[in-house]
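Accompanying notes for the structure given below.
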Amino acid sequence: MTLLRKSLRFFAVQCRNCASKSSPNVEFTASTVDIDGRKFNRDKWTNVNPNILKYLNRNLHLKPGHPLCLLRENIISFMYKSFPNHAGNPIFSVFDRLNPIVTTKQNFDSLLIPQDHPSRTLSDCYYLNKDFILRGHTSSHQEELIASGLDSFVVMGDVYRRDEIDASHFPVFHQAEGVRLFAKHQLHDIDKEKVELFENGKRTPHKQEHHTELTSDKLQHELKTCLTKLVHHLFGNDVETRWTETYFPFTHPSFELEVKFQDKWLELLGCGVIEQQILYNAGVPDKVGWAFGLGLERIAMRLYEIPDIRLFWSNDSGFLSQFQGATPNQKITYKSVSQYPQCFNDVSFWLPEGGINSSDVYEIVRGVGGDIVEQVRLVDEFLHPKTKKRSQCFRIIYRHMERTLTQAEVGKVHERIKAQLAADLGVTLR
Ligand code: DAH
């Protein structure tokens with residue numbers, strides 16, 4: 001059977017503005033849900049609410065210095081390095097801005113997920129209507145990307161699932177999806193081996209009916225080698241791993257990779273040999289392949305010792321500043337910040353001739369403010385065009401470890417700091 005490749009109009013559209021936008025424009029009317037100008041007719045499947053839609057466009061995985069962004073960069077650099085072509089360039093393409101609003105066809109049908117599968121239920125997903133959904137996994141994009149002609153790609157992005165809420169579950173999280181396809185000569189040494197990719201055989205626990213024993217063996221070997229290396233790259237060579245067999249509608253055989261943390265096995269990712277029917281449907285009858293999907297938060301929580309999944313959504317600079325400026329494979333251990341709110345005040349001044357040293361500012365702020373000072377940052381600097389005097393503005397962030405500070409008491413400390421800066425550094429307060 002020959003199948004024509006689907007035309008390129010099925011090619012996934014990268015949402016160019018995603019990275020820069022904050023909340024989307026959402027309006028619920030009697031008959032539609034409007035998101036950034038796109039209208040979705042409401043029907044009995046519609047179960048999205050304004051609360052969940054506000055997470056669209058947050059794109060934590062694209063936010064510089066965010067732990068999920070560091071992890072994304074780390075995984076991509078591993079994939080790029082591990083799979084070079086003859087010229088030394090990476091063979092994997094990365095898609096990290098695909099729109100998370102997908103069709104139910106993409107999310108389920110394209111992956112052979114049966115009509116009565118529990119993952120389709122209203123209690124598990126966020127439906128815009130019977131045809132559109134907030135993607136429940138990055139696997140939604142597999143078929144269209146394969147159909148567009150790609151052999152090796154990684155998809156990263158936010159996924160949405162109705163689920164329990166606790167320290168490790170949140171209705172939005174992030175996944176990375178990897179797919180690698182092989183033509184016959186890429187998997188088998190056709191000069192030495194007289195082997196075929198395909199046969200008309202039987203499905204066994206070890207292989208699909210379409211694949212020869214050797215095809216299935218080699219795919220599993222390639223897949224497991226790649227993922228074991230990835231886990232060692234992320235967690236170090238000493239981490240203990242084990243494979244378990246499982247079931248996914250879109251792969252066979254299917255596996256999970258588990259990693260040992262504090263004496264407990266933690267399931268890290270799902271993977272397997274891509275169901276050949278998916279490749280037939282995508283118009284690629286002459287290749288075979290493997291795929292995997294992993295959750296970024298799960299990994300980042302272990303890597304950085306982040307105790308609660310909600311912290312990823314925090315705009316609190318006590319959280320974010322711990323990762324700012326870090327390199328993707330830098331070892332960082334998150335230090336918990338107080339749960340009491342921050343309170344910030346700025347101080348601006350003209351510098352004396354000869355300037356000042358910022359570290360003297362930090363020293364004085366710490367000396368006067370003591371433990372309630374959480375951070376000091378230079379937030380603005382400019383040169384007056386006429387007087388040629390230089391001005392600086394520092395933001396001082398206060399937070400108490402055991403109670404909420406009032407603005408009045410912070411104000412008093414702040415005034416003392418200002419006076420001390422003027423006296424010790426010769427700056428002119430503005
Ligand atoms: N989509 C699966 C999930 O969200 C993860 C997964 C499993 C992805 C196996 C794959 C795969 O690509 O081959 O649970």
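Counting starts at 1 for both ligands and their atoms, following the listed order.
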Check: Against heavy atoms of Gln175, which atoms of ligand 1 measure under 4.0 Å?
Finding: 3 (C), 4 (O)

Notebook entry, point to check: Near Lys54 NZ, under 6.0 Å, is it more than 12 heavy atoms from other residues, nucleotides or ligands?
Noted result: yes

Next item on the list: State the atoms of ligand 1, each with its element, that fall below the 4.0 Å cut-off from a heavy-atom position in Thr251.
Entry: 13 (O)

Margin query: Would you say that Leu71 contacts Leu234 through its side chain, given a criterion of any heavy-atom pair below 4.5 Å between the two side chains?
Written below: yes

Note to self: Test of understanding: given a 4.0 Å heavy-atom threshold, classify the contact between Arg161 and ligand 1 as side chain, backbone, both, or neither.
What the structure shows: side chain

Check: Does even one non-hydrogen atom of Phe250 get within less than 4.0 Å of ligand 1?
Finding: yes

Margin query: With respect to Glu177, determine whether any N or O atom, backbone or side chain, lies less than 3.5 Å from an N or O atom of ligand 1.
Written below: yes

Next item on the list: Among Val94, Ile146, Ile91, find the one that has a side-chain contact (heavy atoms from CB on, under 4.5 Å) with Phe153.
Entry: Ile146

Next item on the list: For Glu267 and ligand 1, answer yes if some heavy atom of the residue is under 4.0 Å from a ligand atom, otherwise no.
Entry: no

Next item on the list: Please state which part of Ala291 comes within less than 4.0 Å of ligand 1, counting heavy atoms only: side chain, backbone, both or neither.
Entry: both

Checklist line | Pairing of Asp346 and Arg377 as salt bridge, 4.0 angstrom limit | finding: no

Next item on the list: Provide the number and element of each atom of ligand 1 under 4.0 Å from a heavy atom of Phe292.
Entry: 8 (C), 10 (C), 12 (O), 13 (O)

Notebook entry, point to check: Which pairs pass ring pair (Phe, Tyr, Trp, His ring centres under 6.0 Å) with one or both residues in residues 316-337, sequence neighbours excluded?
Noted result: Tyr304-Phe323, Phe319-Phe323, Phe319-Tyr334

Check: Below 4.0 angstrom, N of the basic side chain to O of the carboxylate: do Asp316 and Arg399 qualify?
Finding: yes

Checklist line | Ligand-residue contact atoms, ligand 1 with Gly272, heavy atoms, under 4.0 Å | finding: 13 (O)

Item checked: Atom indices of ligand 1 within 4.0 angstrom of Cys271 heavy atoms, with elements -> 7 (C), 9 (C), 11 (C), 13 (O)

Check: Going by the atom numbers of ligand 1, which of them fall below 4.0 Å from some non-hydrogen atom of Gln142?
Finding: 12 (O)

Notebook entry, point to check: Do the side-chain N and O atoms of Glu177 and Ser139 include a donor-acceptor pair separated by under 3.5 angstrom?
Noted result: yes

Item checked: All salt bridge (Lys or Arg N to Asp or Glu O under 4.0 Å) counterparts of Glu222, not counting sequence neighbours -> none

Check: Considering only heavy atoms of Gly270, which atoms of ligand 1 have at least one such atom less than 4.0 Å away?
Finding: 6 (C), 7 (C), 9 (C), 11 (C)

